Amino acid sequence: QVQLMESGGGLAQPGGSLRLSCAASGSIFRINVRSWYRQAPGKQRELVASMTSIGITNYADSVKGRFTISRDDARNTVDLQMNSLKPEDTAVYFCRLTDGRNDYWGQGTQVTVSS
């Protein structure tokens with residue numbers, strides 16, 4: 001059984017920082033893509049950042065230069081460092097892992113950026 005759990009969300013000031021972490025339990029054979037999505041009220045779920053198994057990263061234009069996706073195999077986590085936060089970053093953030101055949105999603109963690 002595979003389970004993903006996001007943590008690190010909360011309230012931040014504009015210009016502040018948060019670090020999200022996605023902890024994976026259970027066996028996932030040959031993870032192809034690690035990624036973070038977000039969904040704001042009234043909007044479609046959008047891809048924020050992704051990383052391939054060989055370390056190639058992609059970011060949404062809206063977060064380039066501010067967010068960084070990384071992996072920590074020792075902790076079995078996928079992290080998202082979010083700097084220079086803006087109110088428009090407010091959303092529920094979801095972790096997604098895929099092995100090329102199956103998708104695994106976390107429950108999501110709320111990020112609110114407000115003064």
Side-chain angles (χ1 to χ4, degrees):
Q1 185 177 13
V2 175
Q3 183 170 280
L4 306 182
M5 183 171 292
E6 302 95 337
S7 62
L11 178 65
Q13 297 286 111
S17 297
L18 287 173
R19 183 176 62 84
L20 307 183
S21 184
C22 173
S25 63
S27 297
I28 306 178
F29 182 68
R30 293 188 182 276
I31 297 173
N32 294 123
V33 181
R34 299 160 168 84
S35 58
W36 286 92
Y37 289 74
R38 68 185 182 188
Q39 187 167 23
K43 295 185 177 181
Q44 297 284 338
R45 185 174 297 184
E46 65 173 346
L47 178 65
V48 176
S50 65
M51 172 182 284
T52 72
S53 60
I54 59 173
I56 299 174
T57 58
N58 286 286
Y59 297 92
D61 288 342
S62 59
V63 307
K64 285 182 179 177
R66 300 189 297 119
F67 290 11
T68 303
I69 187 172
S70 62
R71 60 187 284 189
D72 188 332
D73 292 342
R75 298 190 297 115
N76 202 29
T77 63
V78 180
D79 301 327
L80 184 69
Q81 179 66 45
M82 305 185 295
N83 297 327
S84 302
L85 284 165
K86 304 175 180 180
E88 49 263 46
D89 295 320
T90 296
V92 177
Y93 284 71
F94 299 89
C95 176
R96 173 182 177 261
L97 305 182
T98 180
D99 60 11
R101 297 178 300 279
N102 303 298
D103 293 338
Y104 305 98
W105 292 87
Q107 295 296 313
T109 185
Q110 176 71 48
V111 171
T112 302
V113 184
S114 179
S115 299

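These numbers come from a predicted model, not from an experiment.
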Spacing of [X] atom [atom1] and [Y] atom [atom2] [to the nearest 0.5 Å]:
{"X": "Gln44", "Y": "Gln39", "atom1": "CD", "atom2": "CD", "answer": "7.0 Å"}
{"X": "Ser50", "Y": "Arg96", "atom1": "OG", "atom2": "CZ", "answer": "9.0 Å"}
{"X": "Phe67", "Y": "Ser62", "atom1": "CZ", "atom2": "OG", "answer": "7.5 Å"}
{"X": "Arg101", "Y": "Arg30", "atom1": "CZ", "atom2": "CZ", "answer": "9.5 Å"}
{"X": "Ser17", "Y": "Arg66", "atom1": "OG", "atom2": "CZ", "answer": "10.0 Å"}

_With no hydrogens and no angle check, just 3.5 Å: does a side-chain donor-acceptor pair link Asp79 and Gln81?_
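Asp79 vs Gln81: no donor-acceptor pair found between side chains.
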*asked:* Could you tell me if Ser53 and Asn32 have a donor-acceptor pair between their side chains, going purely by distance under 3.5 Å?
replied: no
*Which heavy-atom pair separates Ala49 from Leu80 by the least distance, and what is that distance?*
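Closest heavy-atom pair between Ala49 and Leu80: CB-CD1, 4.1 Å.
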*Hey, are the side chains of Arg38 and Leu20 touching, using non-hydrogen atoms and a 4.5 Å cut-off?*
no
_Contacts of Arg19 that satisfy side-chain hydrogen bond (donor to acceptor under 3.5 Å, both in side chains) - sequence neighbours left out_ = none
*Do Lys86 and Asp89 meet the salt-bridge criterion of a basic N to acidic O distance under 4.0 Å?*
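Salt bridge flag = no for Lys86 with Asp89.
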Show me the donor-acceptor pairs, under 3.5 Å and distance only, between side chains in residues 108-115 and residues at least two apart or in other chains.
from, atom 1, to, atom 2, distance (Å)
Thr109, OG1, Gly9, N, 3.4
Gln110, NE2, Ala91, O, 3.4
Gln110, NE2, Thr112, OG1, 3.4

Within the side chain of [X], is there an N or O that forms a donor-acceptor pair under 3.5 Å with the backbone of [Y]?
{"X": "Tyr59", "Y": "Ile69", "answer": "yes"}
{"X": "Asn76", "Y": "Ala24", "answer": "yes"}
{"X": "Gln107", "Y": "Met5", "answer": "no"}

_Which residues pass the salt bridge (charged side-chain N to carboxylate O under 4.0 Å, His left out) test with Arg34, not counting sequence neighbours?_
none
*Tell me, please, which residues at least two apart from Thr52 pass side-chain contact (heavy atoms from CB on, under 4.5 Å).*
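Scan of Thr52 (side-chain contact (heavy atoms from CB on, under 4.5 Å), adjacent residues dropped) gives Ile54, Ile56.
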*For Val33, what are the other residues in its hydrophobic cluster, where any two members join if their side-chain heavy atoms are less than 4.5 angstrom apart?*
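Val33 clusters with nothing; isolated.
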*Which ILVMFWY residues can you reach from Val92 by hopping between side chains whose heavy atoms are under 4.5 Å apart?*
Tyr37, Leu47, Phe94, Trp105
